[in-house]
Enquirer: 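Sharing a structure, written as structure tokens. Questions coming.
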There are 2 protein chains.
Amino acid sequence: MGTKSTPRSALAAARSRALLRSLPGSGHRTGLFANCPDLIGTPFSYAREEEIYGEGEEAEFVYRVVEGAVRTHKVLSDGRRQITGFHLADSLFGFEQGDVHWHTAEALSDTRVLIFQRRPIERAATRSAEVACQLWSMATANLRDAQDLTLLLGRRSAQERLAAFLIEVDGRFGGTGTFALPMTRRDIADYLGLTIETVSRTFSQLEEDGALRRANGRQVTLHRARLRHVVED
Amino acid sequence: MGTKSTPRSALAAARSRALLRSLPGSGHRTGLFANCPDLIGTPFSYAREEEIYGEGEEAEFVYRVVEGAVRTHKVLSDGRRQITGFHLADSLFGFEQGDVHWHTAEALSDTRVLIFQRRPIERAATRSAEVACQLWSMATANLRDAQDLTLLLGRRSAQERLAAFLIEVDGRFGGTGTFALPMTRRDIADYLGLTIETVSRTFSQLEEDGALRRANGRQVTLHRARLRHVVED
DNA sequence: CGCACCGTTGAGCAAGTTCAATCCAAGTGG
DNA sequence: CCACTTGGATTGAACTTGCTCAACGGTGCG
């Protein structure tokens with residue numbers, strides 16, 4: 001559904017169903033913006049590897065992940081890429097400084113999102129201190145994540161980067177220690193500032209050290225105590 | 001003044017002068033919070049290398065640089081340090097997620113700041129959408145900076161990092177192309193994720209390439225076109 | 001089947017680090 | 001006032017980490 005149409009046309013089509021979706025219990029009213037009756041998300045879907053928005057495009061919408069996963073990244077002219085974040089279920093993304101997206105967002109896997117128009121949210125923020133505070137709090141949380149990544153990229157070894165990354169992903173999946181990574185080795189490399197070969201070799205090292213076990217490439221089982229020992233702080 | 005006393009006692013002492021300072025034209029009412037009559041900053045000073053607040057401390061105040069320069073950083077247990085930002089005149093810093101500072105702030109040189117209590121500002125944000133929007137906008141700007149740094153650290157060479165850094169600092173000093181760096185090589189290294197030796201060598205390379213000239217260590221004159229060519233994007 | 005993509009592994013290489021020596025400017029104490 | 005110390009910066013030489021280039025195996029899909 002929907003991957004051939006645009007967010008704009010989907011929005012128009014969905015307007016008629018707005019009443020139904022805004023009913024309590026329909027699942028679209030939890031979390032940020034929950035108390036904002038005019039801010040109703042429109043469901044939308046993207047296929048694996050599909051671009052959601054590109055750097056430099058006008059930032060008309062913001063997005064909340066319902067199911068699947070999204071990456072945001074920046075690219076240099078020669079193709080070097082830095083992934084700035086992965087967004088799993090419930091994560092909100094697409095808010096930028098100014099009217100233009102300053103990175104690119106793509107779906108890691110087939111992904112369902114809720115789309116919100118940015119303008120009404122910003123207008124709501126200028127009227128409601130509560131909405132504005134929610135936006136502030138969200139931006140601040142993102143800032144903390146970005147600065148943690150800064151420390152990771154600036155001062156940590158490949159082993160530490162991968163270990164920290166796996167612990168982080170595990171946490172976002174509920175902390176069971178066993179999960180399937182939703183992203184490729186290339187995505188991991190471009191997030192951690194490494195090459196795919198180094199990521200692969202580091203996986204092998206960590207497995208030799210008994211810090212994790214791999215199955216079928218993407219599936220991992222973490223030995224969290226040992227991984228935490230690698231990160232050590 | 002004031003480097004032996006605490007922000008708390010300075011605040012108390014300054015309360016009596018509040019009326020005077022709040023007069024228009026006294027220079028304390030421009031920029032963010034300008035429209036917020038209760039939010040009056042208290043002048044305060046820090047000596048070179050003095051800590052302003054430490055990671056883990058309760059975040060009671062936020063700060064605006066009046067004169068001088070400040071760095072914020074995180075440290076790993078083994079001493080590796082990542083500077084997350086330099087704050088020059090007019091820059092606001094010290095806002096964190098939650099009630100605790102999650103990095104450390106220190107004065108690069110003798111520095112004068114205005115101190116604001118965080119609580120009243122947060123209370124004002126819950127009442128005034130305008131204040132909350134300013135805070136949001138500030139956080140978003142910081143986020144963009146942090147993500148630019150992420151790209152720098154993850155995917156750029158030493159030459160590109162230093163060139164981008166110098167262009168950035170030049171811009172903050174007015175873009176004349178000639179200025180004295182307010183920070184040491186160690187600070188630059190810890191900001192760019194390099195060692196002091198690499199920073200020094202990279203300075204030498206850039207000078208050989210005619211992209212800048214050095215004088216007395218800290219003083220530099222940039223050949224901005226050539227530096228921009230190094231960064232290339 | 002054949003191709004494309006993903007992941008792994010090996011060998012050699014290069015960028016940046018580590019260790020060490022030296023220089024210089026600015027204190028500091030006799 | 002000068003010897004001595006201290007901290008910042010630069011440079012050289014050896015080393016290490018992670019990168020580049022290359023080959024190969026597995027899996028899914030047209």
Side-chain angles (χ1 to χ4, degrees), chain A residues 47-49 71 76 78-82 106 108-110 152-166 180-209 212-220 230, chain B residues 47-50 69 71 76 78-83 106 108-110 152-163 165-166 180-209 212-220 230:
Chain A
R48 184 169 170 281
E49 295 294 296
R71 62 173 180 253
L76 300 178
D78 63 0
R80 285 176 290 178
R81 183 178 70 150
Q82 177 64 44
E106 293 160 348
L108 282 180
S109 53
D110 292 350
L152 195 83
L153 294 174
R155 286 301 178 215
R156 285 192 176 285
S157 69
Q159 279 221 4
E160 293 172 320
R161 292 183 200 192
L162 186 57
F165 172 73
L166 291 171
L181 289 159
M183 66 288 283
T184 66
R185 296 292 190 261
R186 165 136 303 287
D187 289 330
I188 297 173
D190 284 349
Y191 181 67
L192 298 179
L194 302 168
T195 61
I196 50 175
E197 294 94 333
T198 300
V199 170
S200 191
R201 274 185 259 270
T202 307
F203 261 114
S204 301
Q205 284 170 236
L206 289 175
E207 191 163 31
E208 275 172 40
D209 300 349
L212 59 83
R213 278 184 303 119
R214 278 178 292 183
N216 307 323
R218 299 282 182 90
Q219 189 77 23
V220 290
V230 170
Chain B
R48 185 168 168 281
E49 294 293 296
E50 192 177 357
R71 62 172 179 254
L76 299 178
D78 62 1
R80 284 176 291 178
R81 182 178 72 150
Q82 177 64 45
I83 291 178
E106 293 160 347
L108 282 180
S109 52
D110 292 351
L152 195 82
L153 294 174
R155 287 301 178 214
R156 285 193 176 285
S157 69
Q159 279 222 4
E160 293 172 320
R161 293 183 200 193
L162 186 57
F165 173 73
L166 291 171
L181 289 158
M183 66 288 285
T184 66
R185 297 292 191 261
R186 164 137 303 288
D187 289 331
I188 298 173
D190 285 349
Y191 181 67
L192 299 179
L194 301 169
T195 61
I196 51 174
E197 294 94 333
T198 300
V199 170
S200 192
R201 274 185 259 270
T202 306
F203 261 114
S204 302
Q205 284 170 238
L206 289 175
E207 192 163 32
E208 274 172 41
D209 299 349
L212 59 84
R213 278 183 304 120
R214 278 178 294 182
N216 307 324
R218 300 281 182 89
Q219 190 76 23
V220 290
V230 170

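From a predicted model like this one, the values you see are computed outputs, not experimental measurements. Chain naming here is simple, since letters A, B, ... match the order of the sequence lines and numbering starts at 1 in each.
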Enquirer: Using whole Å, report how far CG of A:Leu192 lies from P of D:dT17.
Expert: 18 Å

Enquirer: Between B:Glu49 (CD) and D:dT6 (C1'), how many Å, whole number?
Expert: 14 Å

Enquirer: Looking only at non-hydrogen atoms, find the nearest pair between A:Tyr191 and A:Leu153 and report the distance.
Expert: O-CD2, 3.8 Å

Enquirer: Begin with the C-alpha distance, continue with both residues' side-chain angles, and end with the deciding distance and a verdict on side chain to side chain contact (heavy atoms under 4.5 Å, CB included) for A:Ile188 and A:Phe203.
Expert: CA-CA 11 Å; A:Ile188 297 173; A:Phe203 261 114; 4.3 Å; yes

Enquirer: Rounded to whole Å, please give me the gap between CD1 in B:Ile196 and P in D:dG8.
Expert: 9 Å

Enquirer: It should be established whether A:Ser200 places a side-chain nitrogen or oxygen under 4.0 Å from OP1 or OP2 of nucleotide C:dG7.
Expert: no

Enquirer: Show the nearest heavy-atom pair for residues A:Gln82 and B:Gly154, with the distance to one decimal.
Expert: OE1-CA, 3.3 Å

Enquirer: With sugar-phosphate meaning primed atoms plus P, OP1 and OP2, does A:Leu194 contact a base, only sugar-phosphate, or nothing at under 4.0 Å between heavy atoms?
Expert: sugar-phosphate

Enquirer: With heavy atoms under 4.0 Å as the rule, sort A:Arg161 into base, sugar-phosphate or nothing.
Expert: nothing

Enquirer: When you measure from the side-chain N and O atoms of B:Thr198 to the phosphate of C:dT17, is any distance below 4.0 Å, counting only OP1 and OP2?
Expert: yes

Enquirer: Does a sphere of radius 6.0 Å around CG in B:Asp78 hold more than 12 heavy atoms from other residues, nucleotides or ligands, not counting ones at 6.0 Å or beyond?
Expert: yes

Enquirer: Distance check needed: D:dC15 P versus B:Glu197 CD, whole Å only.
Expert: 17 Å

Enquirer: Of the listed nucleotides (C:dC19, C:dG7, D:dC21), which one gets closest to any side-chain atom of A:Thr184?
Expert: C:dG7

Enquirer: Quick one, give me the B/S/- string for nucleotides 24-30 of chain D, reading 5' to 3', where B means a protein heavy atom under 4.0 Å from the base and S means that only happens at the primed atoms, P, OP1 or OP2.
Expert: -------

Enquirer: Could you state the atom-to-atom distance from CG of A:Leu108 to P of C:dC5 in whole Å?
Expert: 18 Å

Enquirer: Whole Å only: how far is the CD1 atom of A:Ile188 from the C1' atom of D:dG18?
Expert: 17 Å

Enquirer: Can you work out whether B:Arg186 or A:Thr195 has the more 5'-proximal nearest nucleotide on DNA chain D?
Expert: B:Arg186

Enquirer: Kindly give the heavy-atom pair with the smallest separation between A:Ala164 and A:Leu152, and that separation in Å.
Expert: CB-CD1, 3.7 Å

Enquirer: Specify the separation, in whole Å, of atom CE of A:Met183 and atom C1' of C:dG7.
Expert: 16 Å

Enquirer: Surrounding CZ of B:Arg48 (heavy atoms of other residues, nucleotides or ligands, distance under 6.0 Å), is the total greater than 12?
Expert: no

Enquirer: Is A:Arg218 touching bases, backbone alone, or none of the nucleic acid, heavy atoms closer than 4.0 Å?
Expert: sugar-phosphate

Enquirer: Of all heavy-atom pairs between B:Arg155 and A:Arg81, which one has the smallest distance, and what is that distance?
Expert: NE-O, 2.9 Å

Enquirer: Could you go through B:Arg80 and B:Asp190, starting from their C-alpha distance and side-chain angles, then the distance that decides it, and tell me whether this counts as side chain to side chain contact (heavy atoms under 4.5 Å, CB included)?
Expert: CA-CA 8 Å; B:Arg80 284 176 291 178; B:Asp190 285 349; over 6 Å; no

Enquirer: If I take atom CG in residue B:Asp78 and atom P in nucleotide C:dT18, what distance separates them, rounded to the nearest angstrom?
Expert: 11 Å

Enquirer: Should we count CZ of A:Arg213 as having more than 12 external heavy atoms under 6.0 Å?
Expert: no

Enquirer: Please determine, for the side chain of B:Ser157, which listed nucleotide (C:dC6, D:dC21, C:dG16) has the closest atom?
Expert: C:dG16

Enquirer: Near DNA chain D, under 4.0 Å by heavy atom, which residues of residues 201-208 of chain B?
Expert: B:Arg201, B:Ser204

Enquirer: Phosphate oxygens OP1/OP2 of C:dC5: is one of them under 4.0 Å from a side-chain N or O of A:Arg185?
Expert: no

Enquirer: Where is the tightest heavy-atom contact between B:Arg214 and B:Ser204, given as atom of each residue plus distance?
Expert: NH2-OG, 3.2 Å

